[in-house]
Amino acid sequence: MSATWRNWGGNVVAHPRVVTDTSTVEGVVGAVRSAAGRGLRLRVAGTGHSFTPLVATDGVLLRLDGLTGVLVVDRDRMRVRVAAGTPLHRLNPALQALGLALPNLGDIDRQTISGAISTGTHGTGVRLQGIAAAVCGLVLVLADGSLLRCSAEESPEVFEAARVGLGALGVVVEVELQCVPAFRLHARESGESFSAVLEGIHDLADAHDHVDMHWFPHTDRVLLKRNDRVAPGEGPGPLPGWRRRLDDDLLANRLYEGVNRVLTRAPAATARVNRLSARVLGAREYADDSWRVFCSSREVRFVESEYAVPRASVVPVLEELRAWFERSGEPVPFPVEVRFVGADDVWLSTAYERDNAYVAVHQYHRMDPSRLFAAFEAIVAEHEGRPHWGKVHTLGAERLQALYPRFDDYRAVRDRLDPTRLFTNPHVAHLLDA
């Protein structure tokens, strides 16, 4: 009897024939060779924080939960080699203990490092890049069970393809990361007028190291987060424990879960509740280690669609989205999130050779997201939107080929490394096979 696997958001369910857990590279090699010998497809599961069926398989589901830890530290070059199954919430404090940090992070830390880079997790900051840009080396188990180490100097084409590899080239078992010295962030959060923020949004993004905006649909209110690097001893202290528990546990999670459950039964109240939510999350200011500021607890489950659009398109996209909310009255209790990231050179990165704004829409997991996601996708399609690989979207190979200049180069590497398509599933085929 097949096992059942569900992602964190609950919108993807799979029934793999075999679920394999391993804590060694040799175990990964054995699982790959076994799957190939039995004629089964193989996909790797991290923590399930993707909202697309990237992991779903009816063949072998490989888990790397035991393949964790910092393996090698090069203090002179500030590089670390990390086992692929290491979750970010363990990696970040481990780096801190070494006096190091990743230069940028997303707003959750539940993903494994290999899952985060394979789907293009990005973070925020116009002068910064996504996590995959910090990757300077990888080790993969290929479809024939062999090991391949790649970097900018060694198998460079594989390296360029595999930094955001979608799990379609092989199983990543080791990641080498270029770190920076550990740093602190001065965080300022406040409620603002959405209209006023839109008027100066580009100046705002340029003025701060990291800007993250949460706009509550059906209101003119946003929660604006501005984070800037400060030297040791500068800025205010960390949040008091009681304030963090109040804001991040009670209000943002437990109370918010109850509110969303009520709105599933009374959706007409969404606009009124959003206005209240926008004001309950009040102003706060503090400074702390970078990863403690970047990452927050997300326990209320949702599904998400996120697109990267050229930075110049962010205001038109948000204005069109606001007009759609006004026309449709669609009940959406979760805020729309807006961030900015600089261009990089990673082939399948959403920021490949383009400065981007990232716009993400969310829906509570017990509510129907289909109308919201369809309207959002239609809006960003007019602005060369590139979908986040781990967030809900409908784009296939033909459209993605037009959006990514190195798409065919990636596919050529895939043809060479996995000609029998061991590492595929219907969703991956939809993305990559014309």
Heavy-atom closest pair (Y364 atom, R261 atom, distance to 0.1 Å) is OH-CG, 3.2 Å
Determine, for [X] against [Y], whether the closest basic-nitrogen to carboxylate-oxygen distance falls under 4.0 angstrom.
{"X": "R163", "Y": "D344", "value": "no"}
{"X": "D209", "Y": "R127", "value": "yes"}
{"X": "D368", "Y": "R371", "value": "yes"}
{"X": "R322", "Y": "D220", "value": "yes"}
{"X": "R399", "Y": "E384", "value": "yes"}
{"X": "R188", "Y": "D228", "value": "yes"}
{"X": "R149", "Y": "E174", "value": "yes"}
{"X": "K225", "Y": "E337", "value": "no"}

Heavy atoms of other groups near E192 CD, more than 12 under 6.0 Å:
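Above 12, so yes.
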Please determine whether the number of non-hydrogen atoms from other residues, nucleotides or ligands lying under 6.0 Å from atom CZ of R298 exceeds 12. yes
[X] side chain vs [Y] backbone, donor-acceptor pair below 3.5 Å:
{"X": "H214", "Y": "F334", "result": "no"}
{"X": "H208", "Y": "H210", "result": "no"}
{"X": "N7", "Y": "V12", "result": "yes"}
{"X": "N104", "Y": "I131", "result": "no"}
{"X": "S118", "Y": "S114", "result": "yes"}

Across all chains, not counting sequence neighbours, the ring-ring contact (aromatic ring centres under 6.0 Å, His included) partners of H49 are W8
Here the ring-ring contact (aromatic ring centres under 6.0 Å, His included) pairs for residues 183-204, sequence neighbours left out, are F194-W215
Checking [X] now: which residues fulfil salt bridge (charged side-chain N to carboxylate O under 4.0 Å, His left out) with it, not counting sequence neighbours?
{"X": "D408", "value": "R411"}
{"X": "R311", "value": "D206"}
{"X": "R272", "value": "none"}

- Message: If we check side chain to side chain contact (heavy atoms under 4.5 Å, CB included) with I117, which of these qualifies: V346, L138, T112, V164?
- Response: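 Of all the options given, the one that passes is L138.
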So among Y307, F51, Y404, which one has a ring-ring contact (aromatic ring centres under 6.0 Å, His included) with W389?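 Considering Y307, F51, Y404, a ring-ring contact (aromatic ring centres under 6.0 Å, His included) with W389 is found only for Y404.
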Residues passing the side-chain hydrogen bond (donor to acceptor under 3.5 Å, both in side chains) test with R292, sequence neighbours excluded, are D289
**Request:** May I ask you to decide if the ring planes of H122 and Y358 are parallel, tilted or perpendicular, using 30° and 60° as cut-offs?
**Result:** parallel
With ring centroids as reference points, do F216 and F325 lie under 6.0 angstrom apart?
no
